[in-house]
Colleague: 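Structure below; questions to follow.
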Amino acid sequence: TVDTPSVKISTTELHGRVRVAYADFTADAAQETINMFKLPDGARIIGGRVNHAQLAGSSATLSIGHAAYVNAAGTTVAADVDEYKAAAAATSVSAFNIAATTALGENSLVDAPDGLIVTATTAGANATGKIEVQMTYVLD
């Protein structure tokens, strides 16, 4: 921001508008990967939050990731069910942050010309109950 000569920087780095993607889903006794919403190409992910009901018995888990996509270079990027939050126990009502560190995608740029589908994955036991996922990002 203070280079000489000055260099135009992206709105995802200064003065961008924060946007929110939100979706909820009610699981019905299943272990599954749910497509929650699609983030636009070029978005900078700045964080997110998940809230969920008690989803099942003692071994149910919930993770947040993304579906497979093709990046701008034409390379297929495999689905990653825990890109934004590793599987964690979902056996009681809970809320937690996602994309909360650099290793978990905080401040990353979406490189997916067709958009990036954010997913929630239940495993370990059949899950029943409401899952809410929201992510904040900067685009313009």
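Start at 1 with the first residue, then count along the sequence. Note that the structure is a prediction, hence the values are computed from the model and not measured. Heavy atoms only: backbone and side chains are in, while hydrogens, waters and symmetry mates are out.
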Colleague: Yes or no on side-chain hydrogen bond (donor to acceptor under 3.5 Å, both in side chains) for D82 and Y84, after CA distance, side-chain angles and deciding distance?
Modeller: CA-CA 6 Å; D82 62 357; Y84 305 116; over 6 Å; no

Colleague: What pair of heavy atoms forms the shortest contact from I64 to A120, and how long is it?
Modeller: CD1-CB, 3.8 Å

Colleague: What pairs meet the salt bridge (charged side-chain N to carboxylate O under 4.0 Å, His left out) rule with one or both residues in residues 39-48, with sequence neighbours excluded?
Modeller: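 Qualifying pairs: E13-R44.
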
Colleague: Output the rest of the hydrophobic cluster of I117: all Ile, Leu, Val, Met, Phe, Trp and Tyr residues reachable through side-chain heavy-atom contacts under 4.5 Å, sorted by chain and number.
Modeller: none

Colleague: Does S59 reach the main-chain N or O of G124 with its side chain, forming a donor-acceptor pair under 3.5 Å?
Modeller: yes

Colleague: Membership question, hydrophobic clusters at under 4.5 Å side-chain separation (ILVMFWY): are L55 and F96 in the same one?
Modeller: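 Per the 4.5 Å side-chain linkage, F96 and L55 are co-clustered.
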
Colleague: Should the pair K130 and F25 be classed as cation-pi, given the thresholds of under 6.0 Å to the six-membered ring centre and 45° from the axis?
Modeller: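 No.
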
Colleague: Could you tell me whether the side chain of Y69 reaches within less than 4.5 Å of the side chain of P113, counting heavy atoms only?
Modeller: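 The answer is no; the side chains never approach within 4.5 Å.
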
Colleague: According to the side-chain hydrogen bond (donor to acceptor under 3.5 Å, both in side chains) rule, which pairs have a member within residues 94-118, sequence neighbours left out?
Modeller: R49-N97

Colleague: To the nearest 0.5 Å, what is the distance between CZ on R19 and CG on L39?
Modeller: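 So the CZ of R19 and the CG of L39 are separated by 12.0 Å.
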
Colleague: Going hydrophobic residue to hydrophobic residue with side-chain gaps under 4.5 angstrom, can you get from I46 over to V110?
Modeller: no

Colleague: I need the I45 CD1 to I98 CD1 distance, nearest 0.5 Å.
Modeller: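 Going from the CD1 atom of I45 to the CD1 atom of I98 covers 8.5 Å.
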
Colleague: Under a 3.5 Å distance rule, please check whether T11 uses its side chain to pair with a backbone N or O of L139 as donor and acceptor.
Modeller: yes

Colleague: Locate the shortest heavy-atom distance separating A99 from G105; write the atom from each residue and the value.
Modeller: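 For A99 versus G105, the nearest heavy atoms are CB-C, 4.3 Å.
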
Colleague: How many angstroms lie between atom CG of D24 and atom CD1 of I34, to the nearest 0.5 angstrom?
Modeller: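 If I round to the nearest 0.5 Å, the distance is 11.0 Å.
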
Colleague: How far does CZ of F37 sit from CD of Q134, to the nearest 0.5 angstrom?
Modeller: 7.5 Å

Colleague: To the closest 0.5 Å, what do you measure between NE2 (H66) and CG (D80)?
Modeller: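 Between H66 NE2 and D80 CG, I get 4.5 Å after rounding to 0.5 Å.
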
Colleague: Spell out, as yes or no, whether a donor-acceptor pair under 3.5 Å connects the side chain of T122 to the backbone of E32.
Modeller: yes

Colleague: So T121 and L62, do their side chains get closer than 4.5 Å, heavy atoms only?
Modeller: no

Colleague: Can you see which heavy atom on A60 is nearest to which on A125, and at what distance?
Modeller: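 So the minimum-distance heavy-atom pair works out to N-CB, 3.9 Å.
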
Colleague: Under a 4.5 Å side-chain heavy-atom rule over Ile, Leu, Val, Met, Phe, Trp and Tyr, are L104 and L116 clustered together?
Modeller: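 No: no chain of side-chain contacts under 4.5 Å links L104 to L116.
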
Colleague: Atom CG of L109 and atom OG1 of T12: how far apart are they, to the nearest 0.5 Å?
Modeller: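 Here the interatomic distance stands at 5.0 Å.
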
